[in-house]
There are 2 protein chains.
Amino acid sequence: MSSKPTKRQEQVLDYVRRHRALQGLPPTVREIQKHFGFASPNAAASHLRALEGKKLLFRRPGAARALRVAGDHGKEVAAIPIYGDIPAGFADTREQQPDGCVYADLDSLDIRRTARTFAVRVRGDSMTGAHILDGDLVVLELREPNHGNIVAALIDGETTLKRYLLKNRRPFLRAENPQYPDLIPAHELVIQGVMIALFRKPKDAGRPIEP
Amino acid sequence: MSSKPTKRQEQVLDYVRRHRALQGLPPTVREIQKHFGFASPNAAASHLRALEGKKLLFRRPGAARALRVAGDHGKEVAAIPIYGDIPAGFADTREQQPDGCVYADLDSLDIRRTARTFAVRVRGDSMTGAHILDGDLVVLELREPNHGNIVAALIDGETTLKRYLLKNRRPFLRAENPQYPDLIPAHELVIQGVMIALFRKPKDAGRPIEP
DNA sequence: CCGTATACTGGACAGATGTCCAGCAAACCG
DNA sequence: CGGTTTGCTGGACATCTGTCCAGTATACGG
């Protein structure tokens with residue numbers, strides 16, 4: 001029965017979400033007021049009232065900051081393990097210890113809940129032609145690749161990122177960098193994952209020095 | 001420098017953690033008081049003070065429920081609003097309506113809690129030289145750019161992604177694509193954000209799309 | 001044209017909340 | 001023993017905060 005929010009209400013809802021995620025707690029009515037430049041707390045309060053009426057927000061009367069965005073639990077955030085280096089065996093994920101995790105919501109990744117997903121830190125520049133750089137974090141899904149997909153493949157005991165191509169029904173791999181051997185015949189091809197997302201944090205994005 | 005908590009302080013810390021996990025927000029001083037059966041709010045407050053002194057807890061003075069347990073930020077997920085298009089004014093975030101949100105953890109993004117962060121969907125191929133593609137999601141932070149940073153800049157009422165460079169102390173912008181005008185003199189430069197991360201979901205990464 | 005919903009201004013009040021001061025008691029330590 | 005830390009009582013205050021009432025303006029649909 002929850003109807004849709006107005007544009008303005010959507011903005012308020014987003015601000016609440018954002019504030020909670022960033023500050024660790026929901027905003028007060030007056031913080032919302034200040035953010036939107038309202039002259040009265042009532043402007044913010046009435047928006048909250050409207051959102052509550054539409055079942056998009058829940059409140060605890062009289063309590064400070066007691067806002068809960070509907071479906072905020074539902075916003076599922078996946079913890080994707082990062083494997084810095086994928087050793088030969090791999091089949092046993094148990095023997096791996098992740099190098100940390102990326103957290104991302106399933107919606108923006110469009111990850112299937114059932115899918116087995118993991119991430120790898122890219123080393124080398126063999127895929128710069130596909131705009132994948134050294135240091136990038138590539139999110140992979142365990143499934144059969146299609147023609148043109150970028151995959152993590154096991155070659156000679158080492159894992160590398162390559163583009164998966166089909167020619168005359170026979171699969172082969174290509175490094176997206178002219179400096180690298182253009183084709184790699186795949187005599188026994190082990191595909192470890194298919195790229196579904198990429199995550200980059202430029203090193204030169206450095207902040208000015210902290211005070 | 002952070003010393004160990006007392007048994008009692010540990011209990012308080014645990015209660016704060018548990019309350020936040022269960023209720024979605026930290027407790028008030030008086031909720032702590034009630035939970036432990038104290039006769040005075042000061043009993044709880046002094047525990048918080050002690051914990052803060054030991055760097056195990058952080059508070060925002062004067063603000064309700066403004067408690068943050070140290071190390072709790074690990075799985076904190078930020079909601080970064082996506083602005084599909086940045087219009088001229090922009091200073092007024094109020095006039096914007098986000099196009100949704102990306103959720104990512106602060107650790108992997110290395111986002112400062114205080115920073116104002118937003119994301120933009122990249123249009124066009126003016127930055128392919130910097131390995132930024134059409135459709136990529138670029139996360140930007142509101143701050144002064146440094147030489148070499150990639151920035152979102154306002155030029156002639158339109159927002160584009162460019163590399164920010166300094167020559168003889170004068171800033172100018174460069175598109176990372178030979179097909180584009182190489183230099184753009186910046187006569188009145190408005191920097192809207194500095195790129196701190198990139199998020200890509202390849203279209204061709206697609207699921208079983210039949211050929 | 002009327003009614004309703006949305007979006008806000010302006011002012012006010014009661015209770016919630018952080019904070020401070022002045023103690024008291026027990027445990028610990030040199 | 002004396003000093004310090006910890007753990008608490010009791011009360012008080014300023015302000016933070018949710019809430020309410022009254023009123024204005026705009027847009028939309030019947």
Side-chain angles (χ1 to χ4, degrees), chain A residues 1-16 19-20 23-70, chain B residues 1-16 19-20 23-70 89 92-98:
Chain A
M1 223 42 179
S2 67
S3 44
K4 281 171 199 166
T6 318
K7 269 187 188 175
R8 201 56 163 158
Q9 290 168 5
E10 181 74 52
Q11 289 176 22
V12 173
L13 206 56
D14 256 345
Y15 174 69
V16 173
H19 189 285
R20 193 173 116 57
Q23 312 283 331
L25 36 72
T28 64
V29 173
R30 276 170 182 82
E31 280 168 351
I32 300 174
Q33 171 197 351
K34 199 176 277 181
H35 178 264
F36 287 94
F38 297 146
S40 165
N42 189 33
S46 61
H47 276 132
L48 296 179
R49 216 174 302 129
L51 285 165
E52 196 181 21
K54 293 182 180 179
K55 306 280 183 190
L56 295 167
L57 191 77
F58 302 96
R59 294 190 292 171
R60 177 140 50 98
R65 298 179 191 276
L67 305 176
R68 194 163 55 84
V69 177
Chain B
M1 236 61 90
S2 67
S3 43
K4 282 170 200 169
T6 320
K7 267 187 188 175
R8 200 58 163 157
Q9 289 169 5
E10 182 73 53
Q11 287 176 20
V12 174
L13 206 56
D14 255 346
Y15 175 69
V16 173
H19 190 283
R20 195 172 114 56
Q23 312 283 332
L25 37 71
T28 65
V29 174
R30 278 173 180 80
E31 281 168 352
I32 301 175
Q33 171 197 351
K34 195 177 278 183
H35 179 263
F36 287 94
F38 298 147
S40 166
N42 189 34
S46 61
H47 277 133
L48 296 178
R49 216 174 301 129
L51 285 165
E52 195 181 22
K54 293 182 179 176
K55 307 278 184 192
L56 296 167
L57 191 77
F58 302 97
R59 293 190 293 170
R60 177 141 52 97
R65 300 179 188 274
L67 305 175
R68 193 163 55 83
V69 177
D92 280 321
T93 311
R94 294 168 263 178
E95 310 206 358
Q96 306 290 319
Q97 47 236 8

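This one's a predicted model, so the numbers in the text were calculated from it and none came from an experiment.
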End axis versus end axis in the helix from C/dC1-D/dG30 to C/dG30-D/dC1, the angle rounded to 10°, five pairs used at each terminus: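 That helix has its two terminal axes inclined by roughly 30°.
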For [N], does OP1 or OP2 lie under 4.0 Å from any side-chain N or O of [X]?
X     : N     : answer
B/T6  : D/dT5 : no
B/R8  : D/dC8 : yes
A/H47 : C/dT6 : no

Let me know the distance between [atom1] of [X] and [atom2] of [N], rounded to the nearest Å.
X     : N      : atom1 : atom2 : result
A/Q9  : C/dA5  : CD    : C1'   : 10 Å
B/K7  : D/dT6  : NZ    : C1'   : 14 Å
B/L13 : D/dG7  : CG    : P     : 13 Å
B/L25 : C/dT17 : CG    : C1'   : 14 Å
A/K34 : D/dC16 : NZ    : C1'   : 11 Å
A/L67 : D/dG18 : CG    : C1'   : 10 Å
B/E10 : D/dG7  : CD    : C1'   : 17 Å
B/Q11 : D/dT6  : CD    : C1'   : 13 Å

- [ ] For the pair A/Y15 and A/H35, name the ring-plane relationship: parallel under 30°, tilted 30 to 60°, perpendicular over 60°.
- [x]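 If you compare the ring of A/Y15 with that of A/H35, the planes turn out parallel.
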Salt bridge check, B/E31 against A/R60: does any charged N sit closer than 4.0 Å to a carboxylate O?
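The answer is yes: the pair qualifies as a salt bridge.
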### Query
Are the side chain of B/R20 and the backbone of B/L67 linked by a donor-acceptor contact shorter than 3.5 Å?
no
*Between A/R68 (side chain) and A/F58 (backbone), is there a donor-acceptor pair under 3.5 Å?*
no
Mind checking whether [X] and [Y] have side chains closer than 4.5 Å, heavy atoms only?
X     : Y     : answer
A/H47 : A/F36 : no
A/K54 : A/T6  : yes
B/L57 : B/V12 : no

Quick one: do B/R30 and B/Q33 satisfy side chain to side chain donor-acceptor pair (under 3.5 Å)? Show the steps, please.
-> CA-CA 5 Å; B/R30 278 173 180 80; B/Q33 171 197 351; 4.6 Å; no
Counting primed atoms, P, OP1 and OP2 as sugar-phosphate and everything else as base, the B/S/- map of nucleotides 19-30 of chain C against protein heavy atoms under 4.0 Å is BBBB--------
Picking from D/dG18, C/dG18, C/dC8, the nucleotide nearest the side-chain atoms of A/A43 would be C/dC8
Minimal heavy-atom distance between A/L25 and B/A66, with the atoms involved, is CD2-CA, 3.4 Å
